[in-house]
Amino acid sequence: MNNIIEEYQRKFARFFGAERAFAFWKGRVALYALLRALNVGAGDEVILPGYTCVMNVNPIKYAGARPVYVDIEPNTFNMNVNLLEEKITNKTKVIIAQHTYGYPCEMNTIINIAQSSGICVIEDCCLALGSKYKGRMVGTFGRAGYFSSQWNKPYTTGLGGMVITSDRELAKRIESLAANEMCPPSGGEVEMLRMQLIIYRLFIYPRTTALAQGLFRYLTKKGAVVGSSSTSEFEPVKADDFFKAMSSVQARSGIRQLGKIEKNIAHRRKMAQLYDELLAARDWQGRNYNMDLSEPVMVRYPVRIAEKKEALARAAKAGIELGSWFECPLHPIETPLASYDYELGMCPEAEKASNEVVNLPLHPRASEKTVERSVDYITGFTQTG
Ligand SMILES: Cc1ncc(COP(=O)(O)O)c(C=O)c1O
């Protein structure tokens, strides 16, 4: 493995106080490596919230296991821990604690339930880099945590994924799996990604994001850019080159981003507080989360509204960077839910949230002015509870 990737892994692990970190092409690949290293396979069940990205479910299917969905708690959008025990069977091997939007899950309860049943917990920190639960960073509670640095994530390396663990046995298994099965990205893919990162740094700001996203989706379909997901990934069938390594381009960018992580986190905290204040001043419900227990670092600021479709349709024209994940329990909407073992009605709170929640920007390019404009825009709609 080349030095720059090793350096990125070392620095990432050090940030969390974890023993080891392993870098991959994407977050979903990190999850796949983790599940395989945990010997998850045919006949096993993996529990996760029914409010996630389908790319997070693919690795479970690729490993041959069955995803089992738990409904969410409506304020935090995280797995409702009161519904967890009834989902556990003698086939349950892993629980994925997904820290949605940056809100830490109730880790104490999840770990207690898992331990009493001999089940392994891993943490999906793709939306929660830096969030703390009871003073400790998420990603360090379970056997392992995994992260994404795709375009919309806490920081971006274009695409990218990481696993952290302090379990030596597990680390050894990830290492041997990577050595035996992982393929390198193609030169063409890496070059395209490098160009995309340059364009992103130069041109993508809150006012231009919606336009850029439309163009990006179009170019992805035409195969002119490296998309976050290919069309083949909307079916649970693994492509031959899925298990792919991180490139030096991503690692170099990751090291740069990690160097600015404290500033990034402080900015996200400050902007989230500003949203809280501005929304409260208009009698809107902002974050409804117990901040005594945890310090969330939000990836986006979620708000529930009645006119989601209309708000999204008008946002680009108004120059507002309005996000819309998750649009269905297994985002995005076109997903054939049945082939992922999801039936409509399984997770009513997640389905309700999918119809109502939009999210507002908090990233380092979102200024106070961006927050003010976003609040002006969103409070023009009707808040739902
Ligand atoms: C909660 C969550 N976990 C994991 C992933 C997968 O991350 P990546 O896009 O880097 O594969 C996503 C999707 O982007 C996600 O939203």
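One-based numbering, in listed order, for ligands and for the atoms of each. Since the structure is predicted, the reported quantities are computational estimates derived from the model, not experimental observations.
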*Asks:* Checking R136 against F141: charged group under 6.0 Å from the ring centre and within 45 degrees of the axis?
*Replies:*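 Flagged: R136 positioned over aromatic ring of F141.
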*Asks:* Out of all atoms in ligand 1, which are within 4.0 Å of some heavy atom of C126? Include the element for each.
*Replies:*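 Those atoms are 2 (C), 3 (N), 4 (C).
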*Asks:* Suppose I only count heavy atoms of Q98 and a 4.0 Å limit; which atoms of ligand 1 are within that range?
*Replies:*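 What qualifies from ligand 1 is 1 (C).
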*Asks:* For ligand 1, does K153 get within less than 4.0 Å through its side chain, its backbone, both, or neither, judged by non-hydrogen atoms?
*Replies:*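 Contact part for K153 vs ligand 1: side chain (C-beta onward).
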*Asks:* Taking all heavy atoms of I164 and all of G139, pick out the closest pair and write down the distance.
*Replies:*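 That would be CD1-O, 3.4 Å.
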*Asks:* Can you name the atoms of ligand 1, numbered from 1 with element, that are less than 4.0 Å from a heavy atom of G27?
*Replies:*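 Heavy-atom distances to G27 below 4.0 Å select 7 (O), 8 (P), 10 (O), 11 (O).
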*Asks:* Are side-chain N/O atoms of S253 and T157 paired as donor and acceptor at under 3.5 Å?
*Replies:*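 No, no side-chain donor-acceptor pair sits under 3.5 Å.
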*Asks:* I'd like to check which ligand 1 atoms, numbered from 1 as shown, lie under 4.0 Å from a non-hydrogen atom of N56.
*Replies:*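 Checking each atom against N56, I get 3 (N), 4 (C).
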*Asks:* Answer with yes or no whether the side chains of E307 and T382 bring together a donor and an acceptor at under 3.5 Å.
*Replies:*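 A donor-acceptor contact under 3.5 Å links the two side chains.
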*Asks:* Output the list of atoms in ligand 1 that are nearer than 4.0 Å to some heavy atom of R28, sorted by atom number.
*Replies:*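 So the answer, numbered in order with elements, is 6 (C), 7 (O), 8 (P), 9 (O), 11 (O).
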*Asks:* For G160, counting its heavy atoms only, list the atoms of ligand 1 lying under 4.0 Å from any of them.
*Replies:*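 Counting atoms of ligand 1 from 1, those under 4.0 Å from G160 are 10 (O).
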*Asks:* Say you draw a straight line from SG of C126 to NE2 of H99; how long is it, rounded to the nearest 0.5 Å?
*Replies:*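 One gets 10.0 Å once the value is rounded to the nearest 0.5 Å.
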*Asks:* Could you tell me whether R194 and E189 have a side-chain N and a carboxylate O separated by less than 4.0 Å?
*Replies:*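 No.
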*Asks:* Quick one: look up the protein heavy atom nearest atom 13 (C) of ligand 1 and list residue, atom name and how far away it is.
*Replies:*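 For atom 13 (C) of ligand 1, the nearest protein heavy atom comes out as C53 SG, 3.4 Å.
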*Asks:* With nothing but distance in play, are any N or O atoms of V29 less than 3.5 Å from an N or O of ligand 1?
*Replies:*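 No.
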*Asks:* If you measure from each heavy atom of S229 to ligand 1, is any distance below 4.0 Å?
*Replies:*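 Under 4.0 Å: no for S229.
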*Asks:* Salt bridge check, D241 against K244: does any charged N sit closer than 4.0 Å to a carboxylate O?
*Replies:*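 Yes, charged N to carboxylate O under 4.0 Å.
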*Asks:* Of all the atoms in ligand 1, which lie at a distance below 4.0 Å from a heavy atom belonging to S148?
*Replies:*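 Those atoms are 7 (O), 8 (P), 10 (O).
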*Asks:* May I ask you to identify the nearest protein heavy atom to atom 2 (C) of ligand 1, giving residue, atom name and distance to one decimal place in Å?
*Replies:*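 Protein heavy atom at minimum distance: D124 OD2, 3.5 Å.
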*Asks:* Please identify which of these residues, Q150, K26, R28, meets the side-chain contact (heavy atoms from CB on, under 4.5 Å) condition with M55.
*Replies:*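 Of the listed residues Q150, K26, R28, the side-chain contact (heavy atoms from CB on, under 4.5 Å) partner of M55 is R28.
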